[in-house]
Student: 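What follows is a structure written as structure tokens; I'll ask about it next.
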2 protein chains.
Amino acid sequence: MSNEPDQSEPIEILRELGLKEYEARSFVALTRIPQGSAKEVSEIADVPRTRVYDAVDQLQSYGLVDVQHSTPQRFRAIPIDEAIALLRREFDERFDSLRESLEAIEPVGEESLESGANVWTTSGEEAITSRAIGFIDSAEEEIVFVLDGDDETELTPKRLLDRLRVATERGVTVYVGALSEGTYKEVQATVPEVEVFESELEWLQPQTEKEDERIGRLLLVDRGRVLLSSLSSGNSVSETAIWSDSVGNGLTIIGRRLLAAGLDREGENLDSAENRAGSHDGTGGTDGESGDEREQ
Amino acid sequence: MSNEPDQSEPIEILRELGLKEYEARSFVALTRIPQGSAKEVSEIADVPRTRVYDAVDQLQSYGLVDVQHSTPQRFRAIPIDEAIALLRREFDERFDSLRESLEAIEPVGEESLESGANVWTTSGEEAITSRAIGFIDSAEEEIVFVLDGDDETELTPKRLLDRLRVATERGVTVYVGALSEGTYKEVQATVPEVEVFESELEWLQPQTEKEDERIGRLLLVDRGRVLLSSLSSGNSVSETAIWSDSVGNGLTIIGRRLLAAGLDREGENLDSAENRAGSHDGTGGTDGESGDEREQ
DNA sequence: GCGATAGTTGACCCGAATCGTCACAAAACG
DNA sequence: CGTTTTGTGACGATTCGGGTCAACTATCGC
């Protein structure tokens, strides 16, 4: 028909899960009725009647619908819960296989020769959080973490705060700058042993007249590794980060300076840390911006 | 180049997870090296070099790879574990949304008017197991369950056996016929309170000269609902089942007779059960066929 | 500096997978 | 027995993604 209360969302998701348009539509239609004939499905799903059969056949092979081989045929979707569970299991299997097969063939090059003086960019909250956690876990002396005041986006998930706590327990000094009261309290509550300062680093968002791009998180570890993410407000807020695990490049220098400036307003131990930092890694940071050397 | 130890499996899976061919190939290639240039990726992944950029851009937007914006650009995949975790979270979200959106629009028709005298067919082990569990849970008096001796396919997962146990605790009489020693013991061990008989129902697979289609499971609940599945041995064994939750149709009658015959060889309580069964359910069966009268 | 080489981007072509429609046989209905 | 509905197969129209190429830019070597 055409009086559907917009069934497009589940259809969209089902497509992402691998179903074809007609399959998705037909399935959603079937979830709305106890059972139905091809014609009914066609009308509710807005799928050409003659193609409902193909679609349902597939769905049946997936185990998502049952078919009554009578004349006319009748179809019914399995209960929603079962369907979800079914799909979930299916994908779980895939994830497992994926891990196995990936780990089975991984090696190809020679050695690792990891860290170089490189700047990488990562996108996506999840991925960035992972990277941040990696940084935090690698900290030996000091962590400085400044984060946006926006409480909406989950830039400091529990698993991240947990890592921060672990770091402090390891003897790492942790400074956290929160740009908002809310974030401040949250961090304070979760990781009490951390030195939280409700920063006045508003200068982190200085030039932004247009609110479509602002800083998300700023992480400096042992004065040698830096991660800086920005939130671009397209339709849905997306986070992009640049990071480096080496010193000597412009990014590190800038980040260092920024943080130092910010922290100076709170504690003094900053200067000393600043000095220490300058001498725990090789490459002579040249200068601004992009004049950084590349791999090893 | 072309000396890959077959990276096709992970590629295939990644495609199922929604990645494009080039994206999948590039990602797999990147998991095999700490980092790489477009050229290297191209060679390992066997992707046109000029298209590596597109692919990696996408991967970056998914958060699966990091990009070094230097010249030449260099790429690196996030650790396998992180990648899996990332994808898993992504799909979990989808499942949740799917459930929500489906439940939000479900209603369309009028009443339910469920059960009719219908025969449905279902395919896929998972889906069939779900249906079987539904049957078992609905049992009030008696369950007869005969299953194939094949120990390879998991036709009796734990969650199913658990339900059987629950049924017995509910007061339902459960008979289980196992066509193999292994299955017999397994069931016996898991659900001791059940009456297991190592059936000689070989006649269940009588006409099969060609081994490409055999009976999987046979379930009869309260002598009113029947489920019968067959295993077709194509490339991968696939299970298809027909079932009905009503009496009075041929399927039920046949199933009843089959089971009765089989059980008779073991215990006598069968007859009594058979008799009892005749008086607890509704539809007026038409004719003879089997000479057993039905319900009231 | 200046040409040579390599990296990067975008455009284009083509084939496969799907969508959308149709014609037609089979079955149901009155 | 004619009309309507149902089931099956085939067919063109699109769309999407794979595959290739040419042009443009940047880096390197002389």
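The chains referred to below are lettered A, B, ... by the order of the sequence lines, with proteins before strands, and numbering in each begins at 1.
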Student: Check whether any side-chain nitrogen or oxygen of Tyr53(A) sits under 4.0 Å from OP1 or OP2 of dG9(D), and answer yes or no.
Tutor: no
Student: To the nearest angstrom, how far is Lys20(B) atom NZ from dT15(D) atom P?
Tutor: 16 Å
Student: In this structure, how many angstroms lie between the P atom of dT9(C) and the NZ atom of Lys39(B), rounded?
Tutor: 17 Å
Student: Indicate yes or no: does Arg51(A) engage Asp54(A) in a salt bridge with an N to O separation below 4.0 Å.
Tutor: yes
Student: Starting at CG of Leu14(B), measure out to CG of Leu64(B) and round the result to the nearest 0.5 Å.
Tutor: 8.0 Å
Student: Figure out the CZ/C1' separation between Arg51(B) and dT20(D), and round it to whole Å.
Tutor: 9 Å
Student: Report the nucleotide, chosen from dT9(C), dT21(C), dG7(D), that has the shortest atom-to-atom distance to any side-chain atom of Gln73(A).
Tutor: dG7(D)
Student: Considering every strand and a 4.0 Å limit on heavy-atom distances, what is the contact class for Thr50(A): base, sugar-phosphate, or nothing?
Tutor: base
Student: Between the side chains of Thr122(B) and Trp243(B), does any donor sit under 3.5 Å from an acceptor?
Tutor: yes
Student: Side chains of Ser230(A) and Arg217(A) only: does a donor on one sit below 3.5 Å from an acceptor on the other?
Tutor: no
Student: Would you mind reading off the distance between Asp46(A) atom CG and dC19(C) atom P, rounded to a whole angstrom?
Tutor: 13 Å
Student: If I take atom NE2 in residue His69(A) and atom P in nucleotide dA27(C), what distance separates them, rounded to the nearest angstrom?
Tutor: 15 Å
Student: Rounded to whole angstroms, how far apart are CG on Asp54(A) and P on dT8(D)?
Tutor: 9 Å
Student: With distance as the sole criterion, is a donor-acceptor pair present between the side chains of Tyr62(B) and Glu90(B) under 3.5 Å?
Tutor: no
Student: Check the distance between dT18(C)'s P and Glu23(A)'s CD and give it to me in whole angstrom.
Tutor: 8 Å
Student: With heavy atoms under 4.0 Å as the rule, sort Arg15(B) into base, sugar-phosphate or nothing.
Tutor: sugar-phosphate
Student: Closest nucleotide of DNA chain C for Arg49(A) versus for Glu21(A): which of these residues is on the 5' side?
Tutor: Glu21(A)
Student: By nearest heavy atom, map Ala38(B) and Arg25(A) onto DNA chain C; which one lands nearer the 5' end?
Tutor: Ala38(B)
Student: Heavy atoms under 4.0 Å, any strand shown: does Pro48(A) hit a base, just sugar-phosphate, or nothing?
Tutor: base
